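In what follows, every chain begins at residue 1, and chains take the letters A, B, ... in the order their sequences are listed. Predicted model, so just to flag it, every value in this text is computed and none were measured.
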2 protein chains.
Amino acid sequence: MKIGELAKSLGVSTDTLRYYEQHKLLTPSGRSEAGYRMYTQQQRRQMQFILRAKAVGFSLKDIQELLQIQIEKHQHSCEEVKEITLQKLHLVRARIEELQRFEQSLSKLAQRCCGGPESADFCSILTALEDVDGTCN
Amino acid sequence: MKIGELAKSLGVSTDTLRYYEQHKLLTPSGRSEAGYRMYTQQQRRQMQFILRAKAVGFSLKDIQELLQIQIEKHQHSCEEVKEITLQKLHLVRARIEELQRFEQSLSKLAQRCCGGPESADFCSILTALEDVDGTCN
DNA sequence: ATAAACCTTAGAGTTAACACCAAGGTCAAG
DNA sequence: CTTGACCTTGGTGTTAACTCTAAGGTTTAT
């Protein structure tokens, strides 16, 4: 299968497939006479693995590791795989907490602001950001 | 006050202050004879405004808008300010939801994996990522 | 035979918010 | 008078995951 067919069948761009090749995530099985990249069902499955891993939040760098392990499964342990997963989980949770702090601050600011058409001279949002004691949180 | 003094008093780098100047967030009040940037208390307050806005999750681009409004308050309405705040709030919430989906998937994957020292041949995480019906969510 | 659709490489551009570097000028203290 | 701390500009580097462009070769359908 040529790059365009694989791309279309998975809903990604050909650029993405070439990018993944460059970054050692998916190597075509070979080249046609004209130099075109050729892919088999095996590569298609690997690309699906990549897409599923992306869908659960793994970065391409994580996925590289996971692929390495997947390809040589019996040389690796469950522990390794779980470790990668847990690390990502912690990272995601930390980011969620940071964003939740933002959410708290922003929703409080928004709640206290009348949001009307009057001049912003006494806007509570601006005041909060200006003043030392403006409650931004 | 010179750039280094302002920077130190606010816990930012001089690079940051120059960057903000380039991006129209904070312009020094003038230059000394030697060409050094000079700042007044007014600029210091503006920088604090910027830092507080950053702390609640606004991007520098948002802050540009907010500053514009703050500087010419009576030509703008509360509505505008609240609109910026609400837009950011929606964006933050959307990002949180995306990350929470990641969190769900990752924690389920992690829970089902034994994480032991045995070979990854039958690792449930890898299996989930490989199979069409592998429950990644 | 030619046009449309596909493929190739290499490289630049995108976004955010800085950090870092080089080469040089300035200022205060001892 | 010299050392060290500070300042200047202009430029490059960082991270992630692509996207786009240019200039050209290939295949397929009519």
Quiz item: If the sugar-phosphate is the primed atoms plus P, OP1 and OP2 and the base is the rest, what is the B/S/- string for nucleotides 19-30 of chain D, using protein heavy atoms under 4.0 Å?
Solution: BB----BBS---
Quiz item: Can you find a side chain N or O atom of A/Lys8 that sits less than 4.0 Å from OP1 or OP2 on C/dA5?
Solution: no
Quiz item: Do A/Phe58 and A/Thr85 have side chains that get closer than 4.5 Å, going by heavy atoms?
Solution: yes
Self-check item: Protein-nucleotide distance (A/Ile63, atom CD1; D/dA16, atom C1'), rounded to Å
Solution: 12 Å
Practice problem: For A/Glu21 and C/dT9, give me the distance from atom CD to atom C1', rounded to whole Å. | Solution: 12 Å
Exercise. Round to the nearest Å and state the distance from B/Leu17 atom CG to C/dC18 atom C1'.
Key: 12 Å
Practice problem: Determine the minimum heavy-atom distance between A/Ile84 and A/Leu66, stating which atoms define it. | Solution: CD1-CD2, 4.0 Å
Quiz item: Rounded to the Å, how far apart are B/Met1 CE and D/dC6 C1'?
Solution: 16 Å
Quiz item: Quick one: is D/dA17 close enough that its OP1 or OP2 comes under 4.0 Å of any side-chain N or O from A/Arg18?
Solution: no
Practice problem: Could you check how far NZ of B/Lys24 sits from C1' of C/dC18, rounded to whole Å? | Solution: 18 Å
Practice problem: Take the protein atom CD1 of B/Ile3 and the nucleotide atom P of C/dC27, then report the distance between them rounded to whole Å. | Solution: 16 Å
Practice problem: For the side chain of A/Arg31, starting at C-beta, report the closest nucleotide among C/dT8, D/dT9, C/dA17. | Solution: C/dT8
Exercise. Check each of B/Leu10, B/Leu25, B/Leu6 against B/Leu17 using the side chain to side chain contact (heavy atoms under 4.5 Å, CB included) test, and report the only one that passes.
Key: B/Leu6
Quiz item: Is A/Lys73 salt-bridged to A/Glu80, going by a charged N under 4.0 Å from an acidic O?
Solution: no
Quiz item: Between B/Glu79 and B/Lys82, is there a side-chain N and carboxylate O pair less than 4.0 Å apart?
Solution: no
Self-check item: Residues A/Arg95, A/Glu98: salt bridge by 4.0 Å N-O rule
Solution: yes
Exercise. Starting at atom OH of B/Tyr20, determine the distance to atom P of C/dC18, rounded to an integer number of angstrom.
Key: 3 Å
Practice problem: Could you tell me whether B/Glu130 and A/Arg52 have a side-chain N and a carboxylate O separated by less than 4.0 Å? | Solution: no
Quiz item: Taking atom P of C/dT15 as reference, at what distance in whole Å does atom CG of B/Asp62 sit?
Solution: 15 Å
Self-check item: Side-chain N,O (B/Arg37) to OP1/OP2 (D/dT8) below 4.0 Å
Solution: yes
